[in-house]
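Data first, discussion second: the structure below is written as structure tokens.
Counting from 1, the numbers follow the sequence of the chain as shown. Order of appearance sets the numbers: ligands from 1, and atoms from 1 within every ligand. Only heavy atoms go into these numbers, but all of them, side chains included; no hydrogens, no water, no symmetry mates.
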Amino acid sequence: MKGPEDDAGLTGKVAIVSGGGAAGDGIGNGRAAAILLARAGTRVVVADLDLKLAERTVDMIKAEGGHAAAHAGDMTKEAECKRLVDAAVDRWGRLDFLDNNIGIGSRGSVVDEKPDEYRRVMQVNVETMFLLSKHAIPAMIKTAKGGSIVNISSISALRPRGLTTYTASKAAVIGLTQAMAVDHGKDHIRVNCICPGPMYTPMVNRGNGMSEAARAARAKASVLKIEGTGWDIGHGVRFLLSNHARYITGHVLVIDGGVTLQGPERDSAT
Ligand SMILES: NC(=O)c1ccc[n+]([C@@H]2O[C@H](COP(=O)([O-])OP(=O)(O)OC[C@H]3O[C@@H](n4cnc5c(N)ncnc54)[C@H](O)[C@@H]3O)[C@@H](O)[C@H]2O)c1
């Protein structure tokens with residue numbers, strides 16, 4: 001017998017994926033989520049600081065017959081977040097989902113970190129999620145009578161290992177997620193969070209790329225002895241946004257191949 005949770009509820013819906021671009025043809029966490037949502041029939045606004053990166057994701061979706069639109073903007077600015085939400089609603093008449101995916105890295109202790117850099121990481125990693133949610137939630141209530149949000153945190157929030165400001169920002173994302181879940185359950189909006197482990201995405205593969213030895217060390221840190229990819233996160237995002245997860249809110253989903261179960265070695269490559 002079928003229940004209300006059997007239908008994924010993704011077809012014909014509208015999603016925003018922030019930070020949905022990725023360098024070249026690389027599969028970042030946001031790009032993977034955008035592609036997987038489009039494969040399920042969701043129309044996706046792919047937003048990024050860099051229009052070309054967003055357009056590449058949109059091209060990939062359109063090449064498969066999906067529906068997507070690229071949008072450029074700096075989501076640390078409230079006016080840009082409002083403009084993005086308005087663009088999604090203007091284009092497709094509704095907003096159902098938000099994948100809050102923007103994030104940048106940091107390295108070093110509080111002693112090493114420059115205060116301006118601390119503020120910048122908190123602004124990009126936490127404030128973008130606050131601002132986008134602030135404008136997306138009323139639009140979801142108005143146009144779809146509910147919705148679903150996934151905020152991307154990190155296992156660094158659960159197991160600090162030398163990325164102190166990043167850890168603080170990603171721990172704030174967990175708190176924000178749980179508070180938003182409590183605040184907006186009454187609005188039929190679910191809010192969940194994913195903590196990715198060391199995924200091989202363009203974010204960690206920047207510049208000259210990562211050495212084979214570093215990639216092997218990351219794979220070894222998993223109890224499964226395999227490397228994570230953006231697709232692993234994309235599938236998690238799509239599940240949490242979908243109706244299959246209709247009874248899940250305020251949850252912190254760790255997708256890390258069991259890395260956090262292992263010993264406290266430092267991972268300088270994440
Ligand atoms: N890759 C990993 O191993 C890993 C691990 C844990 C968590 N994460 C998190 O996953 C998320 C995505 O990571 P990724 O590896 O796919 O990164 P990525 O760098 O490939 O993608 C992030 C995108 O965000 C965009 N962006 C940055 N600042 C922006 C701004 N102010 N406004 C609009 N767009 C902006 C970038 O242009 C980039 O295209 C991040 O939140 C990251 O912290 C990644």
**Asked** Quick check: does any side chain N or O of D256 sit under 3.5 Å from a backbone N or O of V259, one acting as donor and the other as acceptor?
**Response** yes
**Request:** Quick one: list whatever passes salt bridge (charged side-chain N to carboxylate O under 4.0 Å, His left out) with E55, sequence neighbours left out.
**Result:** none
**Message:** When you measure from the heavy atoms of S153 to every atom of ligand 1, does any distance fall below 4.0 Å?
**Reply:** yes
**Message:** Between D48 (side chain only) and L53 (backbone N and O only), is there a donor and an acceptor less than 3.5 Å apart?
**Reply:** no
**Prompt:** Do any nitrogen or oxygen atoms of L49 lie less than 3.5 angstrom from nitrogen or oxygen atoms of ligand 1?
**Reply:** yes
**Prompt:** Under a heavy-atom criterion of less than 4.0 Å, does G197 contact ligand 1?
**Reply:** yes
**Asked** Short N/O distance, under 3.5 Å, between V124 and ligand 1?
**Response** no
**Asked** Is it the side chain, the backbone, both or neither of T201 that has a heavy atom closer than 4.0 Å to ligand 1?
**Response** side chain
**Message:** Closer than 4.0 Å to some heavy atom of G28 - which atoms of ligand 1 meet that?
**Reply:** 16 (O)
**Request:** Please determine if S154 has a nitrogen or oxygen closer than 3.5 Å to a nitrogen or oxygen of ligand 1.
**Result:** no
**Prompt:** At under 4.0 Å between heavy atoms, which part of Y166 makes contact with ligand 1: side chain, backbone, both or neither?
**Reply:** side chain
**Prompt:** Given that the side chain starts at C-beta and the backbone is N, CA, C, O, which of these parts of D50 lies under 4.0 Å from ligand 1, counting heavy atoms, or is it both or neither?
**Reply:** neither
**Fill in**
Contact region, P198 to ligand 1, non-hydrogen atoms below 4.0 Å, reads backbone
**Asked** Do R215's NZ or CZ and the ring of Y200 fall within the cation-pi criteria of under 6.0 Å and 45°?
**Response** yes
**Message:** If hydrophobic clusters are built by linking Ile, Leu, Val, Met, Phe, Trp and Tyr wherever their side-chain heavy atoms come under 4.5 Å apart, do L10 and W92 end up in the same one?
**Reply:** no
**Prompt:** If you count the non-hydrogen atoms of other residues, nucleotides and ligands that lie under 6.0 Å from NZ in K114, is the total more than 12?
**Reply:** no
**Message:** With clusters defined by side-chain heavy atoms of hydrophobic residues (ILVMFWY) lying less than 4.5 Å apart, directly or transitively, does V44 cluster with I16?
**Reply:** no
**Message:** Within the 4.0 Å heavy-atom shell around T76, which atoms of ligand 1 are there?
**Reply:** 31 (N)
**Request:** Report, in ascending order of atom number, the atoms of ligand 1 lying under 4.0 Å from any heavy atom of G103.
**Result:** 40 (C), 41 (O), 43 (O)
**Asked** Considering only heavy atoms, which of L163, D48, D74, I102 lies nearest to atom 29 (C) of ligand 1?
**Response** I102
**Asked** So is G73 close enough to ligand 1, meaning a heavy atom under 4.0 angstrom away?
**Response** yes
**Prompt:** Taking 4.0 angstrom as the limit, do D116 and R119 come out as a salt bridge?
**Reply:** yes
**Asked** Counting distance only, does the side-chain N/O of T128 pair as donor-acceptor with the main-chain N or O of T76 below 3.5 Å?
**Response** no
**Asked** If you look at every heavy atom in A171 and A157, which pair is closest and at what distance?
**Response** N-CB, 3.5 Å
For residues 135-147, which side-chain N or O atoms pair as donor and acceptor with protein atoms under 3.5 Å away, sequence neighbours left out?
| from | atom 1 | to | atom 2 | distance (Å) |
| --- | --- | --- | --- | --- |
| H135 | NE2 | E78 | OE2 | 2.8 |
| T143 | OG1 | L95 | N | 2.9 |
| T143 | OG1 | A139 | O | 2.7 |

**Asked** What about M199: any of its N or O atoms under 3.5 Å from an N or O on ligand 1?
**Response** yes
**Prompt:** Relative to the heavy atoms of I152, which atoms of ligand 1 are at a distance of less than 4.0 Å?
**Reply:** 9 (C), 10 (O), 11 (C)
**Prompt:** Which atoms of ligand 1 sit under 4.0 Å from any heavy atom of L53?
**Reply:** 39 (O)
**Asked** Does K170 reach ligand 1, in the sense of a heavy atom lying below 4.0 Å from it?
**Response** yes
